[in-house]
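Keep in mind that what you see is a predicted model, and the values were worked out from it rather than measured. In the text below, chain A, chain B and the rest are named by the order of the sequence lines, each starting its count at 1.
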Amino acid sequence: MKRIDHAEASSHFIAEKENEAFHDKRLWDLRMKRDGQRDDVPEWSELRDLASAIKEHTLTHLSDYLLQFEENAKKNGAYVHWALDAEEHNRIVHEILADHKAKTLVKSKSMLTDECELRPYLARRGVDVIETDLGERIQQLDDEPPSHIVVPAVHKLRGDVAEVFARTLDSDPANDDPHYLSEHARITTRPYFLNAEAGMTGGNFAVAETGAVVVCTNEGNADLSATVPPLHIASIGIEKVIPRTEHVAVFVRMLSRSAVGSPITQYTSHFRKPPDGGELHIILVDNGRSERLGMEEFWTSLKCIRCGACMNTCPVYRRSGGLSYGGVYSGPIGIILNPTTDMRKYSNLPFASTLNGSCTAVCPVKINIHEQIYQWRRILSEHNQLPFVKKAAMKVSGRILSDPKAYRRTLSATDAAMEHLPRFLLYTRFNAWGKQREVPITPDHTFHAWYLKNRGASS
Amino acid sequence: MNSREIILETVKRNQPRVAALPEVPLFDPHLPDPWRQFGENLQRMGGTLVEPSPDDGLASVIKALHPDAKIIASATPEIEGTKQLEGVGAPRNLSDVDVGVVRAAFGVAETGSVFLSDVDLGIRALGYLSQHLVVLLDPAEVVGNLHQAYHRPEFATASYAVLMTGPSATADIEGVLIHGAQGVRTLSVVARPVAVASQQAATNSQ
């Protein structure tokens, strides 16, 4: 696989000035709304501790809880399937659809099915897959992956959506009113809900005690997908299991608050038994998760509940756009998830971070995201996966930073250079810090020079 | 070994050191008045709260909310509606319903949600294919927060259950909030104690 060049890819997004400015503002607004909700819940920090502890407990007893979930789901009349990898997941879905002679599948947003690349797999086998979440639908029609795990088309402006809909859904190209566009999506999607032979959802939680699959959504599309057609397939990563019904409360209280700053999603749906005359199939998917469980530094990334708070708060993500990460998961969580699937392909991602720790601070299940990003840098360098420019720069930095005299010499020389160099020399392709931003004005003296002058004599 | 055995085997081999399961408190000693908080949060989430006087008949309440509704389907015996759920057959046959009427088992003050199960919906899709939803709720049946909600016995028995909070919504285009995404366009909660409901039923049958 070709190495993803995050910096190069983000330059395309940064060139779209209006999109980038709006993206930055919109996601920061979500972060602020999240803060407002946090302040409304006095036990917020206790909830974070509980959520983290429940997840850690479950992951350290995962085989038992998976078995308990399977047993109860079967008792409920659901079919339970196990998929080792994406290929097997897709094959199982296709077999279930073929058994029911299903030609059309309405589905709600599921990062797992994106991870498995289910849509192209089914398309090649003649199944028409309709994404029904508005953002995911926009991305499907524009033949792009989602750029954000909660708001998939957040990098697009209304004009972009109007253009996509005019091209694919025959809407009025001159009308970019979001109300009109949403209504158009509703009207053109509805016939699919009514006529599809099968519906599909992901799952936010799977409750071992009851065998229930919990799905949290806002648009009503997940419940339409699951309750109108006679066949419901739910795909769930094995790390989504939690022990008991009472634990759902802890996560539901934080999921939507962390994601978009609303107290709960419009629909929190619990699927336990198939409806009369219908079928419920649950696919438990591994796809690398059981191996990640054994990675001492990274297993806690399996606690993730996919709220996207770390993305909304990340200055690099907000300025570079989700598509530049080149994987299904973007932003800070994508940086630590993607390299576990392909270290070489995603070897650039751990450098798309300032390590400021804001991601860790907002994570509702207390994943130490920025520390894991740092650990990935270390592992990549051990595996000799650092890109050449970074390696060369690190070597020079290492030499200079380990020698105080050399460091001071370099610093004053650089300061002098910054002051006197003409722009065309400062903003070159060799200076990554001068790309897409102004280099800050350097202070008159270094701290060291100031200290010697003001405090040095007295001691 | 099949995939199931491989996954379980790998999980077992890789499970980190054991971590304990914490007790989850109810966090409910200082909760505000549930009915008031329910109403505020419901409206914040785009829903409408209707508090009719005890003498108002349910039919007139629904008429006032949806004067142009032609097809009304009710899953509660408290009102008949114009389309019977019995014999509807496939859920897709509910696609012409203008207004669905259901009674919620309980509400949640913290979020403004109502709890609806298979039993309350009759047919699950009634809650989603209808253009509008009217939910009857006994103000005495509102719990303070989600911890209390998940301890309700209904959760243990329902084959399908939803915490529904306002109408369907999306903000996927430039963050502009739109109600009536794919599910219902409006959701109204009508305060109606079970006692009033049974009293009116008794009067009607006399």
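Residues of residues 148-176 of chain B placed with any heavy atom under 4.5 Å of a heavy atom in chain A are listed by number as B:Y150, B:H151, B:F155, B:A156, B:T157, B:A158, B:S159, B:Y160, B:A161, B:V162, B:L163, B:M164, B:T165, B:G166, B:P167, B:S168, B:A169, B:T170, B:A171, B:D172, B:I173, B:E174, B:G175, B:V176. Contact residues of residues 99-121 of chain B toward chain A are B:E110, B:T111, B:S113 (heavy-atom distance under 4.5 Å).
Counting heavy atoms from C-beta outward, A:I264 and B:L146 have side chains that approach closer than 4.5 Å. Using a 4.5 Å cut-off on side-chain heavy atoms (C-beta onward), B:R13 and A:E291 make contact.
Partners of A:S256 according to the side chain to side chain donor-acceptor pair (under 3.5 Å) rule, which considers only residues two or more places apart in sequence or in another chain, are A:S262. For A:H155, there are no ring-ring contact (aromatic ring centres under 6.0 Å, His included) partners at least two apart in sequence or on another chain.
Neither the backbone nor the side chain of A:L30 comes within contact range of chain B; no heavy atoms are under 4.5 Å apart. Residue A:N221 touches chain B through both its backbone and its side chain, counting heavy-atom pairs closer than 4.5 Å. Only the side chain of A:V161 comes within contact range of chain B, with heavy atoms under 4.5 Å apart. With a 4.5 angstrom heavy-atom cutoff, A:H247 touches chain B only via side-chain atoms. Contacts between A:T265 and chain B at a heavy-atom distance below 4.5 Å involve the backbone alone (N, CA, C, O). At a 4.5 Å heavy-atom cutoff, the contact between A:L194 and chain B is made by backbone and side-chain atoms alike. Heavy atoms closer than 4.5 Å to chain B are found in the side chain of A:F22, but not in its backbone. Within the 4.5 angstrom heavy-atom criterion, only backbone atoms of A:A83 (N, CA, C, O) approach chain B.
Ring-centre distance between A:F193 and B:Y128: not below the 6.0 Å cut-off.
If you check the side chains of B:S3 and A:E88, you find a donor sitting under 3.5 Å from an acceptor.
The backbone N or O of B:V11 lies less than 3.5 Å from no partner atom in the side chain of A:S63, so there is not a single donor-acceptor pair. The backbone N or O of B:S95 sits less than 3.5 Å from a side-chain atom of A:R190, completing a donor-acceptor pair. Judged purely by atom type and a 3.5 angstrom limit, A:R186 uses its side chain to pair as donor or acceptor with the backbone of B:G183.
Considering every non-hydrogen atom in both A:G220 and B:Q182, the closest pair reads C-CB, 4.4 Å. What you find for B:I178 and A:P178 is that their closest heavy atoms are CD1-O, 3.3 Å. The shortest non-hydrogen separation linking A:L293 to B:Q15 is CD2-CG, 3.9 Å. Closest heavy-atom contact between B:L21 and A:H57: N-ND1, 3.4 Å. The minimum heavy-atom distance linking A:V228 with B:A125 is given by the pair CG2-CB, 4.0 Å.
When each of B:N14, B:L8, B:T10 is scored by its heavy-atom pairs under 4.5 Å with chain A, the top score falls to B:N14.
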